[in-house]
Amino acid sequence: MEEMTFEQAMKRLEEIVTQLEAGEAPLDKSMALFEEGTKLSAFLSKTLDEAEQKVLMIQKQDGQEQEIPFDIDD
């Protein structure tokens, strides 16, 4: 998974979902697709979490600009 880009992983996950929703794959193939989809989902989630941690918000404080970690709860 690590060699895939976020976009490639998302595209592959969409393909898997489409195949599973069609319901035409045999059980063993469906299980393999489901497993791959689960791994892709974990990879995508981890990538998003890492990106979120890197996002910085510029806040003016006492006339000075400061970089502070982005907090979605604010």
Side-chain angles (χ1 to χ4, degrees):
M1 291 300 141
E2 295 297 326
E3 63 276 352
M4 292 183 100
T5 65
F6 181 87
E7 292 78 11
Q8 290 169 329
M10 182 64 84
K11 183 175 175 13
R12 178 62 184 142
L13 183 58
E14 289 171 356
E15 293 168 356
I16 289 170
V17 169
T18 300
Q19 289 178 2
L20 289 173
E21 286 179 342
E24 296 175 2
L27 181 59
D28 59 336
K29 174 74 172 172
S30 293
M31 293 300 296
L33 288 169
F34 182 80
E35 183 178 351
E36 182 184 356
T38 301
K39 289 177 183 177
L40 286 167
S41 179
F43 169 76
L44 292 167
S45 179
K46 178 183 174 208
T47 303
L48 287 173
D49 287 345
E50 289 171 356
E52 181 181 347
Q53 293 172 5
K54 292 178 183 176
V55 174
L56 297 176
M57 185 179 358
I58 303 295
Q59 179 182 17
K60 288 195 176 199
Q61 194 171 44
D62 298 325
Q64 303 263 337
E65 287 187 356
Q66 267 188 315
E67 289 186 353
I68 60 171
F70 178 76
D71 185 4
I72 60 173
D73 294 331
D74 283 349

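Values below: every heavy atom of this structure, side chains too, minus hydrogens, waters and symmetry copies. Bear in mind that the values here come from a model prediction, so they are computed numbers and not experimental data. In this chain, numbering begins with 1 at the start of the sequence shown.
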Legend entry - Closest non-hydrogen atom pair between Leu13 and Leu40, with its separation: N-CD1, 3.9 Å
Inset, instruction - Keeping the roles fixed (side chain from Ser41, backbone from Gly37), state whether a donor-acceptor pair exists under 3.5 Å. - result: no
Inset, instruction - Name all residues meeting the side chain to side chain contact (heavy atoms under 4.5 Å, CB included) criterion together with Gln19; count only those two or more places apart in sequence or in a different chain, and write none if there are none. - result: Arg12, Leu33
Legend entry - Qualifying salt bridge (charged side-chain N to carboxylate O under 4.0 Å, His left out) pairs, either residue in residues 17-34, two or more places apart: none
Inset, instruction - Apply side chain to side chain donor-acceptor pair (under 3.5 Å) to Glu14 and list each qualifying residue two or more places apart in sequence or on a separate chain. - result: none
Legend entry - Distance (rounded to the nearest 0.5 Å) between Ile16 CD1 and Glu35 CD: 10.5 Å
Legend entry - Lys11/Glu7 under salt bridge (Lys or Arg N to Asp or Glu O under 4.0 Å): CA gap, chis, key distance, verdict: CA-CA 6 Å; Lys11 183 175 175 13; Glu7 292 78 11; over 6 Å; no
Inset, instruction - Kindly write out the residues that satisfy side chain to side chain contact (heavy atoms under 4.5 Å, CB included) with Ser30, not counting sequence neighbours, or none if the list is empty. - result: Leu20, Ala25
Inset, instruction - Using side chain to side chain contact (heavy atoms under 4.5 Å, CB included) as the criterion, list what pairs up with Leu48, not counting sequence neighbours. - result: Phe6
